[in-house]
Amino acid sequence: MPSNKIQFRVSPGGRLSGRLRVPGDKSISHRSIMLGALAEGITRVSGFLEGEDSLATLKAFRAMGVEIDGPKQGSVIIQGVGMHGLVRPDEPLDLGNSGTAMRLMAGLLAGQGLDLTLVGDVSLSGRPMKRVTVPLVEMGARIETTDKGTAPLHIKPVNRLRAIDYPMPVASAQVKSCVLLAGLYADGETCVSEPALTRDHTERMLRGFGYAVRREGSRVCINGGGTLKACDIDVPADISSAAFFLVGASIAEGSDLTLEHVGMNPTRDGVINILRLMGANIEVSNRREVGGEPVADLRVRAAPLKGIRIPEDQVPLAIDEFPVLFVAAACADGETVLTGAEELRVKESDRIQTMADGLRILGVDARPTPDGIAIRGGSIGGGQVDSHGDHRIAMAFTIAALRANGEIRVDDCANVNTSFPRFVELAAGVGAQVSAHDV
Ligand code: S3P
């Protein structure tokens with residue numbers, strides 16, 4: 001049977017050197033389309049991530065009547081339609097693999113007075129959506145999941161939403177953003193409290209569009225009924241994509257790599273904090289701010305890593321970087337222990353199990369637990385591992401080959417295009433010995 005699947009083949013060894021700008025931040029790219037679409041005026045975005053996830057958001061807004069030019073070399077021009085200018089799409093909105101698109105759009109669309117259906121691919125259709133529909137229903141939305149609490153999501157028109165004060169049971173920026181975006185359409189002040197700090201791109205970007213957002217400690221509040229004013233957005237390089245190279249250059253002897261224009265939002269920099277605790281040599285320079293987001297250049301040189309107990313307050317700040325951090329742990333001296341990270345089980349794949357399975361195939365001592373993993377550093381062997389269609393797993397095992405003693409083959413890698421188009425080319429350009437094959 002033709003499977004039409006992509007396999008990465010990575011020769012062992014090598015080192016990473018030179019300079020590299022990884023593609024634009026995925027979280028910020030999604031939000032630029034969403035807020036630009038609802039704004040009054042023209043929003044110009046540069047550095048937009050031309051990956052499948054953010055393109056799914058772009059197409060969804062086009063299908064709701066928003067004129068969007070591009071992307072052309074990262075540049076996108078959005079003709080905002082205002083808070084109430086979206087129109088009902090002819091077909092269900094297909095959000096592919098993107099949890100961010102589905103969860104944020106559920107909130108943004110709940111109060112539009114439109115009849116809509118949101119669908120996704122097999123992975124997205126297995127991910128929990130009650131975490132967003134429960135607070136939205138509390139706000140008066142009519143939104144339904146399947147009996148299992150998964151997509152498709154059916155949204156029915158309602159006249160108005162009411163503000164809520166929502167204590168989030170999970171530390172999720174997607175849930176926080178969903179409720180705040182619904183809050184734009186609610187009567188009164190909507191507040192969300194987070195059990196741990198999560199990424200704050202929605203809050204920063206709302207302010208950039210001239211919309212007041214109030215933060216008091218762990219509580220974020222927004223008043224409904226305002227308007228968004230178009231603005232220009234310069235999307236930083238995605239720290240989650242840079243993370244593969246931060247780890248790669250740390251573990252591959254002789255590496256010296258500079259990553260340019262990387263987003264350094266303090267709600268996203270857990271990967272740097274964790275790697276430094278492990279002994280990584282990461283130098284930050286040229287700190288500046290673009291469109292309300294801090295960026296910097298990062299120079300990484302190879303360094304011996306040691307195993308650590310990962311502080312739990314870093315977990316939400318590095319939530320997407322654990323697959324590659326597990327590779328760092330596999331190369332470290334001693335044991336690394338992660339706890340408090342059960343959320344990893346409901347990402348694009350069950351990232352604890354998928355990584356543990358792959359690492360074990362490569363001969364690494366990796367012991368999964370319900371909310372984390374324990375990994376003892378040692379040597380990494382060659383072998384064939386399955387990414388389960390999860391982009392970050394595929395890229396993490398590609399990086400592992402830098403320290404392996406045999407070839408690593410990674411199956412089911414097409415979804416790398418959801419977040420990191422041209423990964424193979426860029427990785428090969430700085431020294432990874434990777435190629436992609438149709439199998
Ligand atoms: C994201 C938030 C995170 C992250 C995802 C992007 C966002 O999810 O894993 O890749 O853009 O808000 P959770 O907030 O659900 O942890």
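Along the sequence shown, residues carry numbers from 1. Each ligand, and each atom within it, is numbered from 1 in the order the structure gives.
Neither the backbone nor the side chain of His201 comes within contact range of ligand 1; no heavy atom lies under 4.0 Å.
Below 3.5 Å of separation, one finds an N or O of Ser27 facing an N or O of ligand 1. In terms of N/O distances under 3.5 Å, ligand 1 is approached by Ala173. Remark: ligand 1 and Glu343 share no N or O pair separated by less than 3.5 Å (distance only, no angle test).
Formation of a donor-acceptor pair under 3.5 Å by the Ser387 side chain with backbone atoms of Asp411 is found in this model.
By the neighbour-count criterion of 12 heavy atoms within 6.0 Å, atom CZ of Arg276 is densely surrounded, having more than that number from other residues, nucleotides or ligands.
Here is the list of ligand 1 atoms found below 4.0 Å of a heavy atom in Ile319: 9 (O).
Taking 4.0 Å as the cut-off between side-chain N and carboxylate O, Glu50 and Arg422 do not count as a salt-bridged pair. Note on Asp297 versus Arg288: salt bridge recorded, some NZ/NE/NH1/NH2 to OD/OE distance being below 4.0 Å. The pair Glu289-Arg204 does not meet the salt-bridge criterion, since no charged nitrogen lies less than 4.0 angstrom from a carboxylate oxygen. Of the charged side-chain nitrogens involved, none lies within less than 4.0 Å of a carboxylate oxygen, so that Arg345 and Glu342 do not count as a salt-bridged pair.
In this structure, Phe423 and Phe420 have perpendicular ring planes: the angle between them is above 60°, well past the 30° mark.
Residue Asp320 holds the heavy atom nearest to atom 9 (O) of ligand 1 of all those in Asp320, Thr267, Thr198.
Nearest protein heavy-atom contact of atom 16 (O) of ligand 1 is Lys347 NZ, 2.9 Å. Ranking the protein heavy atoms by distance from atom 15 (O) of ligand 1 puts Ser172 OG, 2.8 Å first. Scanning all protein heavy atoms for the shortest distance to atom 12 (O) of ligand 1 gives Arg31 NH2, 2.7 Å. Of the protein's non-hydrogen atoms, the one nearest atom 6 (C) of ligand 1 is Thr100 OG1, 3.3 Å.
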